[in-house]
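Reading through the structure tokens given below for one structure.
The sequence lines fix the lettering, A, B, ..., with proteins before strands; numbering per chain opens at 1.
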Protein chains: 2
Amino acid sequence: MGLNTLFKALGDDTRREILRRLARGDMAAGEIAAAFDLSWPTISHHLSVLKEAGLVQDEKKGQYVIYSLNTTVFQDIAGWLFDLLGTITERQPAKKGEARKENGK
Amino acid sequence: MGLNTLFKALGDDTRREILRRLARGDMAAGEIAAAFDLSWPTISHHLSVLKEAGLVQDEKKGQYVIYSLNTTVFQDIAGWLFDLLGTITERQPAKKGEARKENGK
DNA sequence: TAGTTAATTAGATACCTTTCTAAATAACTC
DNA sequence: GAGTTATTTAGAAAGGTATCTAATTAACTA
């Protein structure tokens, strides 16, 4: 759902810790909430941010809601990284003695 | 300066576009500002967020301030990604017929 | 169906972000 | 040194985010 939403979702310790736990295996919402020193509604909110970003999926199993990691979005991050790093390597290496002088005096 | 600051800095279109331009070569602050439909102070602020996150560096060259990409932080992102994806592959693949049932009914 | 357990939604508060205009600082040019 | 150009800092407005408690919804259990 866009790199913006994605990076914003990743810019929070609690949310990254949730992802780390989900990487070890699926968990119910309450199980996740129990692992933190925050209220259930707060965790519920973080989960919805992660879901919005496509980083997790949820599935209702009886009275539980099981959350799992969605790894496909990590390709978006990797793709963005490669694009950027690719652009760097594309640029002409400046000849000796005139390195990076376009903007200087 | 921490993954939090780093991801937060990346969660903005303008800032990612600044990085993309810097990937092609160093630029003066004003040169960057001129490329956007935003005021100079706004761009100046975005640059300080990027700098705070360690994504760019600046260097005073006479009356200009030249900004350049700092690629070393990308290792932090890559490292985080690898850690997470590594954790996923570490987990025991469930045997057939008992897949992902720990939390279910 | 009344009670219990699981999870989300609503509403409030405090704080952080993005953006602006106006002012300040810093360096160059005559 | 007076003016010009480059950039940042200050201060304000609008909107977003993280967190809480209380209320609601949904599903199981006896």
Which residue, A:D12 or B:D58, contacts DNA chain D at a nucleotide closer to its 5' end, judged by nearest heavy atom?
B:D58

Passing option when A:E52 is tested against A:L47, A:L6, A:T5 for side-chain contact (heavy atoms from CB on, under 4.5 Å):
A:T5

Nearest-Å distance, CZ (A:R16) to P (D:dA18)?
12 Å

My understanding is that only residues two or more places apart in sequence, or in another chain, count here; which of them pass side chain to side chain donor-acceptor pair (under 3.5 Å) with A:R20?
A:E17

Value in whole Å for how far the C1' atom of C:dT17 lies from NZ of A:K8:
9 Å

Taking atom P of D:dA18 as reference, at what distance in whole Å does atom CG of A:L47 sit?
13 Å

CD1 of A:I18 versus C1' of D:dA18: gap in Å, rounded?
12 Å

Could you tell me how far apart B:I43 (CD1) and C:dT21 (P) are, to the nearest whole angstrom?
13 Å

Taking 4.0 Å as the cut-off, does a side-chain nitrogen or oxygen of A:T42 come that near to OP1 or OP2 on D:dA18?
no

Does any pair with a residue in residues 6-53 of chain B pass ring pair (Phe, Tyr, Trp, His ring centres under 6.0 Å), and if so which ones, sequence neighbours excluded?
B:F7-B:W80

Rounding to a whole Å, what distance do you find between B:E17:CD and C:dT18:P?
16 Å

What is the separation between atom NE2 on B:H45 and atom P on D:dG11, rounded to the nearest whole Å?
16 Å

Name all residues meeting the side chain to side chain contact (heavy atoms under 4.5 Å, CB included) criterion together with B:S44; count only those two or more places apart in sequence or in a different chain, and write none if there are none.
none

From D:dT19, D:dC20, C:dC20, nucleotide with atom closest to A:S39 side chain:
D:dC20

Partner set under side chain to side chain contact (heavy atoms under 4.5 Å, CB included) for B:Q63, not counting sequence neighbours
none

Can you list everything that forms a side chain to side chain contact (heavy atoms under 4.5 Å, CB included) with B:D13? Sequence neighbours excluded, please.
A:N4, B:R16

Give every pair of a protein N or O atom and an N or O atom of nucleotides 4-7 of chain D that lie under 3.5 Å apart, one pair per line with the distance.
from	atom 1	to	atom 2	distance (Å)
D:dT5	O2	B:Q63	OE1	3.2
D:dT7	OP1	B:A29	N	3.4
D:dT7	OP1	B:V65	N	3.2
D:dT7	OP2	B:G30	N	2.6

By nearest-nucleotide position on DNA chain C, the 5'-leaning member of B:K60 and B:D37 is B:D37

Can a donor-acceptor pair be found, under 3.5 Å and without considering hydrogens, that links the side chain of A:R24 to the backbone of B:E90?
no

Could you state the CD-C1' distance from B:E52 to C:dT17, rounded to the nearest angstrom?
14 Å

